[in-house]
Amino acid sequence: PMDTIYSMWQRWRGLPSHNQRDWLTAYSNLLRLRAPLGERLLVLRYEDMVRDPSSLDPVYRFIGLPRPVDLGLHAEAIGKWRRDARFRFRLDERVVALAARFGYAPEELENRGSRLWPLYERASRLYIRRAHPLLARLRASGRR
């Protein structure tokens with residue numbers, strides 16, 4: 001979940017506190033779906049596909065195609081949030097508990113929190129929503 005939440009933060013400045021609730025809802029629903037479908041539902045983690053592309057073999061068998069040699073998967077995004085000194089969001093314990101049911105270890109989800117993180121999160125979001133578009137318009141008007 002942390003990689004997904006970080007990606008949304010980086011791309012769209014989605015608030016991690018909101019996005020973790022969406023992750024929790026989506027993956028809770030996935031577990032509910034797993035109950036009636038049983039083995040007919042295959043859940044694959046991106047990390048597992050990167051480490052072992054053969055984990056996708058059941059998908060390719062299902063669609064009747066051979067697995068390509070190069071799937072275009074890469075590990076660069078895995079754990080990228082750990083390399084960002086500004087990103088100090090901590091997952092809610094309910095998200096950590098659900099992530100464990102999908103095979104994530106606690107150390108894969110732990111982030112050093114900060115009392116300043118909520119302020120940074122809001123300030124960054126505000127900048128992206130208000131100041132950034134204004135600066136872009138000013139730059140564009142200077143070009144004309």
Side-chain angles (χ1 to χ4, degrees), residues 1-114 116-140 143:
M2 193 64 96
D3 287 321
T4 301
I5 291 167
Y6 179 73
S7 178
M8 288 188 274
W9 167 253
Q10 284 296 295
R11 289 182 181 189
W12 305 290
R13 280 300 185 232
L15 295 174
S17 52
H18 294 175
N19 291 331
Q20 79 171 338
R21 288 194 303 261
D22 293 342
W23 189 93
L24 185 65
T25 299
Y27 283 79
S28 294
N29 289 337
L30 184 58
L31 284 181
R32 281 190 209 98
L33 187 60
R34 181 187 271 173
L37 295 178
E39 295 300 314
R40 294 183 299 159
L41 176 67
L42 176 65
V43 177
L44 293 172
R45 299 178 335 150
Y46 185 77
E47 298 88 344
D48 297 335
M49 291 184 279
V50 168
R51 278 188 217 111
D52 181 13
S54 70
S55 65
L56 282 163
D57 287 350
V59 175
Y60 282 97
R61 274 195 302 277
F62 179 77
I63 61 175
L65 293 174
R67 177 172 41 92
V69 174
D70 181 13
L71 294 169
L73 301 173
H74 58 85
E76 288 85 25
I78 298 172
K80 189 175 180 180
W81 57 272
R82 290 184 187 279
R83 298 183 293 277
D84 185 340
R86 295 167 300 169
F87 189 75
R88 291 294 166 240
F89 175 71
R90 291 182 66 118
L91 291 170
D92 182 275
E93 60 190 45
R94 294 171 301 159
V95 174
V96 172
L98 182 59
R101 294 181 67 185
F102 285 94
Y104 291 96
E107 57 273 7
E108 292 178 275
L109 308 169
E110 291 172 358
N111 195 6
R112 296 183 308 255
S114 165
L116 296 177
W117 167 255
L119 295 173
Y120 176 73
E121 177 185 36
R122 299 263 181 225
S124 295
R125 176 75 177 187
L126 197 69
Y127 168 76
I128 293 298
R129 289 182 119 180
R130 297 209 174 113
H132 188 67
L134 177 62
L135 291 172
R137 283 196 302 269
L138 288 172
R139 277 190 220 111
R143 290 185 198 148

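Only a predicted model underlies this, so the values are computations on that prediction, with no experimental measurement involved. Below, all heavy atoms of this structure are taken into account, side chains as well, without hydrogens, waters or symmetry copies.
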Next item on the list: Applying side-chain contact (heavy atoms from CB on, under 4.5 Å), run through L31 and F102 and close with a yes or a no.
Entry: CA-CA 9 Å; L31 284 181; F102 285 94; 3.7 Å; yes

Notebook entry, point to check: Closest approach of N111 and F89, non-hydrogen atoms and distance?
Noted result: ND2-O, 2.9 Å

Checklist line | Side-chain heavy-atom pair L24, R21 within 4.5 angstrom cut-off | finding: no

Check: Do V95 and L109 come within less than 4.5 Å of each other through their side chains, counting heavy atoms only?
Finding: no

Check: Distance-only, no hydrogens or angles: does the Y46 side chain make a donor-acceptor pair with backbone N or O of A75 under 3.5 Å?
Finding: no

Next item on the list: Would you name the heavy atoms of Y60 and P66 that are closest together and state the gap between them?
Entry: CD2-O, 3.6 Å

Next item on the list: Taking all heavy atoms of W117 and all of P16, pick out the closest pair and write down the distance.
Entry: CZ2-CG, 3.8 Å

Item checked: Any donor-acceptor N/O pair, S7 side chain to D3 backbone, under 3.5 Å -> no

Note to self: If you compare all heavy atoms of A77 against all heavy atoms of H74, which two are closest, and at what distance to 0.1 Å?
What the structure shows: N-ND1, 4.1 Å

Margin query: Any heavy-atom pair between the side chains of Q10 and W81 that's under 4.5 Å?
Written below: no

Margin query: Please check: side-chain N/O of R45 versus main-chain N/O of G103, any donor-acceptor pairing under 3.5 Å?
Written below: yes

Note to self: Counting neighbours of CZ on R83 that are heavy atoms of other residues, nucleotides or ligands and sit closer than 6.0 Å, is the number greater than 12?
What the structure shows: yes

Notebook entry, point to check: Does the pair T4 and N19 meet the rule for a side-chain contact (heavy atoms from CB on, under 4.5 Å), with working shown?
Noted result: CA-CA 9 Å; T4 301; N19 291 331; over 6 Å; no

Next item on the list: For residues P68 and L71, report the shortest heavy-atom separation together with the two atoms involved.
Entry: CD-CD2, 3.6 Å

Next item on the list: With side-chain contact (heavy atoms from CB on, under 4.5 Å) as the test, would you mind laying out the steps for F87 and K80 before giving the verdict?
Entry: CA-CA 10 Å; F87 189 75; K80 189 175 180 180; over 6 Å; no

Notebook entry, point to check: Roughly how far, to the nearest 0.5 Å, is the CZ atom of R112 from the CZ atom of R90?
Noted result: 10.5 Å

Notebook entry, point to check: Any donor-acceptor pair under 3.5 Å linking the side chain of D52 with the backbone of D48?
Noted result: no

Next item on the list: Would you please classify the geometry between the Y27 ring and the W23 ring as parallel, tilted or perpendicular, with 30° and 60° separating the classes?
Entry: parallel

Next item on the list: Could you grab the distance from atom CD of E39 to atom CZ of R34, nearest 0.5 Å is fine?
Entry: 9.0 Å

Check: If only atom types and distance count, is the side chain of Q20 paired as donor or acceptor with the main-chain N or O of D92 below 3.5 Å?
Finding: yes

Check: Are more than 12 heavy atoms from other residues, nucleotides or ligands located less than 6.0 Å from atom CZ of R67?
Finding: yes

Next item on the list: Verify the ring-centre separation between W9 and Y6: is it less than 6.0 angstrom?
Entry: no

Checklist line | Within-4.5 Å side-chain heavy-atom neighbours: M8 and D22 | finding: no

Next item on the list: Quick one: closest heavy-atom pair of P58 and L42, and the distance?
Entry: CB-CD2, 3.8 Å

